[in-house]
Amino acid sequence: MFWNISRFGHVGIADGKGGFYATGVKGRIGHASSVGYYRHYLGWIPGGCH
């Protein structure tokens, strides 16, 4: 998951239920229940090992 929140951007890991884990959630590494937690959501790419 990707956001444009600074000149460097921001990434998170989807939880598969509409939320994500990332740094900066309430000042630490944490979970947020909506991608709207940060402004300027850019999207995501599928993961996994191929």
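Treat the numbers as computed from the prediction; the structure is a model and nothing was measured. The analysis underlying the following values was restricted to heavy atoms, covering all of them including side chains, and did not include hydrogens, waters or symmetry mates. Note that the numbering runs from 1 along the sequence shown for the chain.
Scanning for side chain to side chain contact (heavy atoms under 4.5 Å, CB included) contacts around I5 gives W3, H10, Y38, with sequence neighbours left out.
At least one side-chain heavy atom of H31 sits less than 4.5 Å from a side-chain heavy atom of D15. In this structure, the side chains of Y21 and M1 stay at 4.5 Å or more apart for every pair of heavy atoms.
At a threshold of 4.5 Å between side-chain heavy atoms, the hydrophobic network of Ile, Leu, Val, Met, Phe, Trp and Tyr places F20 and W44 in one connected group.
Through chains of ILVMFWY side-chain contacts below 4.5 Å, L42 is grouped with F2, V11, I45.
Counting all heavy atoms, side chain and backbone alike, G12 lies closest to A22 at CA-CB, 4.0 Å.
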